[in-house]
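Written below as structure tokens is the structure these notes are about.
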Amino acid sequence: MASVPVGQERHLLSVIKRLSFCCTLGEVTEVVCHAARELTGADGVTFILREGDNVYYAEENAIEPLLKGRRFPAANCVSGWTMLNREPAVIEDVYKDPRVPIEAYKPTFVKSMAMIPVRAEDPTAAIGAYWATHHRATKEELDNLQMLADATALALRNIELLSDLQAALDREHQARVEAEAANRAKDDWLSVISHEMRTPLTPIHGWLQLLLEKRLDPSKTEEALRVIDRNLMAHTRLVEDLLDVSRMLSGKFEVKQTIVDMRECVTNAVGIHEWTARQKSVSVNLSLSDHPYRVIGDSDRICQIVYNLVHNALKFTPAGGKIDISLTSDGTQAKLSVSDNGVGISPHMLPQLFRRFQQADSSSTRSAGGLGLGLWIVQQLVEKHAGTVTVSSPGEGKGAVFTVRLPLVTKPVSDAPSAAI
Ligand SMILES: Nc1ncnc2c1ncn2[C@@H]1O[C@H](COP(=O)(O)OP(=O)(O)O)[C@@H](O)[C@H]1O
Ligand SMILES: [Mg+2]
């Protein structure tokens with residue numbers, strides 16, 4: 001342990017106190033350079049940082065400019081030597097010591113120097129003191145520099161801890177912000193879901209009341225029952241969609257493996273929408289060839305694919321519009337195409353439509369309701385049947401075409417449709 005005269009001791013203590021208040025590297029290097037000059041009476045001081053194989057002259061305090069801002073290979077300069085060898089260097093004549101990159105010092109006032117590593121066990125920095133005359137650093141000067149280096153090591157450690165702490169706080173803050181956003185999104189979706197669930201229940205309740213209280217003209221009974229039936233179906237569909245999503249996400253979703261004639265699925269699914277299409281004055285044209293389109297899969301689920309696509313086409317096609325549904329084949333694949341001349345889709349939305357909860361950001365979509373699950377479910381179902389689904393649209397207001405391709409059974413099979421395989 002180095003001994004220091006009493007006056008110097010007070011000075012050192014005040015430097016240590018100043019260092020302990022430093023919060024940034026810049027503050028530390030400034031305090032150190034200033035204190036090192038005062039404690040040694042040197043004409044200049046530099047603070048050097050280790051950067052891998054290089055050293056960086058980060059700060060200086062001197063009678064004339066020294067090396068601030070410059071970098072040297074650690075193997076080629078005195079500060080590097082000090083850090084690599086973990087020991088001080090005392091150089092009385094810089095022109096005679098091979099460790100000194102003399103070209104760098106020629107333009108400066110430096111004739112002699114002393115260099116001390118910071119954190120001797122594994123140096124990450126060094127403090128250099130320089131004199132404009134030939135001077136051999138005294139034991140007292142070296143002791144002072146050493147004590148300053150020890151205090152600096154602590155200050156650097158403090159800064160590391162502070163920055164670790166700050167990073168941890170930032171991470172914690174970021175996690176909290178994300179959790180709050182996720183929570184808000186969940187709340188938003190819960191309110192959308194409850195709204196969508198309530199929507200079909202309101203007319204059911206209204207018409208049932210009229211029927212129960214016998215306040216309805218008997219000629220209207222059939223209409224009432226149809227409205228109730230339609231809304232019950234919509235409600236059931238919604239609940240089933242949510243259950244499907246939950247099963248699909250938890251990997252508990254299975255499809256049957258039977259031989260299915262796609263023509264039946266298409267005819268059934270389109271049939272379910274006939275009434276709505278008529279009410280909405282949208283014409284639906286179905287084009288099917290005579291021969292069967294055999295695919296392997298689950299007929300209910302293939303029906304659901306067609307149902308969802310036609311449901312969307314109807315939902316996004318205004319009165320007077322037209323929907324064309326066709327089933328064709330290229331010999332290996334069945335190609336189902338559902339095209340409409342409705343509201344269309346803008347090019348930037350096209351790649352996102354199959355995401356869960358995704359709806360085009362237009363007022364028509366919002367007023368049309370829905371949860372943005374239909375196409376995601378279609379994609380999951382199509383993929384479960386080893387097929388593909390694509391969408392194209394010439395743009396907003398110009399209609400859309402959804403195309404599903406499923407592999408056809410090409411080998412001869414029993415004629416019985418839906419035979420388990
Ligand atoms: N035929 C279509 N024409 C225009 N946009 C469509 C069509 N089908 C789907 N979309 C767009 O894709 C979005 C997602 O559809 P979907 O997943 O079925 O959810 P939802 O019908 O509940 O909105 C719709 O909100 C709409 O913006
Ligand atoms: Mg939909």
Side-chain angles (χ1 to χ4, degrees), residues 185 188-200 230-231 233-249 253 266 269-270 272-273 276-277 280-286 301-326 336-384 388-404:
D188 287 352
W189 278 111
L190 274 179
S191 85
V192 172
I193 287 171
S194 14
H195 171 78
E196 288 295 315
M197 290 232 175
R198 259 198 318 269
T199 305
R230 222 177 38 254
N231 281 289
M233 254 187 73
H235 191 263
T236 311
R237 188 71 266 154
L238 197 75
V239 173
E240 279 177 3
D241 276 359
L242 288 169
L243 287 173
D244 278 349
V245 171
S246 147
R247 281 188 216 113
M248 285 168 177
L249 289 177
F253 186 75
V266 174
V270 173
I272 298 173
H273 291 295
T276 316
K280 213 180 160 182
S281 301
V282 170
S283 74
V284 177
N285 308 304
L286 180 57
R301 294 309 190 171
I302 294 174
C303 194
Q304 191 178 353
I305 295 170
V306 188
Y307 175 94
N308 279 6
L309 293 180
V310 179
H311 183 259
N312 277 349
L314 262 175
K315 183 167 157 183
F316 296 105
T317 302
K322 185 160 89 79
I323 298 171
D324 289 311
I325 301 146
S326 70
L336 167 79
S337 159
V338 179
S339 88
D340 64 63
N341 64 354
V343 300
I345 301 155
S346 71
H348 80 274
M349 276 310 296
L350 282 176
Q352 304 174 33
L353 285 196
F354 292 97
R355 290 195 195 149
R356 229 173 338 131
F357 296 127
Q358 188 71 56
Q359 297 183 306
D361 189 19
S362 72
S363 57
S364 67
T365 303
R366 300 211 183 288
S367 65
L371 290 174
L373 292 174
L375 287 180
W376 185 79
I377 292 174
V378 164
Q379 191 176 47
Q380 301 296 309
L381 292 175
V382 168
E383 284 173 4
K384 278 273 182 195
T388 58
V389 52
T390 53
V391 55
S392 68
S393 168
E396 275 185 79
K398 295 180 180 159
V401 184
F402 286 82
T403 308
V404 172

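First listed ligand is number 1; within each ligand, the first listed atom is number 1.
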Stepwise side chain to side chain contact (heavy atoms under 4.5 Å, CB included) check, L375 with N308: CA-CA 7 Å; L375 287 180; N308 279 6; over 6 Å; no

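- For the atom pair I272 CD1 and M233 CE, the distance stands at 5.5 Å (nearest 0.5 Å).
- In this structure, V404 and V338 have side chains that are not in contact, with every pair of non-hydrogen atoms separated by 4.5 Å or more.
- Residue contacts with ligand 1 include F402, since one of its heavy atoms falls under 4.0 Å from the ligand.
- The shortest heavy-atom distance from H311 to ligand 1 is not under 4.0 Å.
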From CA spacing to verdict: side chain to side chain contact (heavy atoms under 4.5 Å, CB included), Q304, D241: CA-CA 10 Å; Q304 191 178 353; D241 276 359; 4.0 Å; yes

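- By the 30° and 60° cut-offs, the orientation of the rings of F354 relative to F402 is perpendicular.
- Residue N312 has at least one nitrogen or oxygen atom sitting less than 3.5 Å from a nitrogen or oxygen atom of ligand 1, judged on distance alone.
- The atoms of ligand 1 that sit less than 4.0 Å from any heavy atom of K315 are 20 (P), 21 (O), 22 (O), 23 (O).
- Of all atoms in ligand 1, listed by their number and element, those nearer than 4.0 Å to a heavy atom of L371 are 22 (O).
- For the Mg ion (ligand 2), protein N/O/S neighbours under 2.8 Å (waters excluded) are N312 OD1.
- Defined by atom type and a distance below 3.5 Å, a donor-acceptor pair is missing between the side-chain atoms of Q380 and D244.
- N341 contributes a side-chain N or O that, together with a main-chain N or O of K322, makes up a donor-acceptor pair within less than 3.5 Å.
- A cation-pi contact, defined as under 6.0 Å to the ring centre and within 45° of the axis, links R237 to Y307.
- Ligand-side atoms of ligand 1 in range of L375: 9 (C), 12 (O), 14 (C), 15 (O), 16 (P), 17 (O), 18 (O), range being under 4.0 angstrom from any heavy atom.
- Within the 4.0 Å heavy-atom shell around ligand 1 one finds G344.
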Side chain to side chain contact (heavy atoms under 4.5 Å, CB included) between V389 and I305, intermediate numbers included: CA-CA 10 Å; V389 52; I305 295 170; over 6 Å; no

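- Using a 4.5 Å heavy-atom threshold, the side chains of V245 and W376 count as touching.
- Contact atoms of ligand 1 toward L373: 17 (O), 19 (O) (distance under 4.0 Å to a heavy atom of the residue).
- Taking every heavy atom of G370 and a limit of under 4.0 angstrom, the matching atoms of ligand 1 come to 22 (O).
- Remark: ligand 1 and G374 share an N or O pair separated by less than 3.5 Å (distance only, no angle test).
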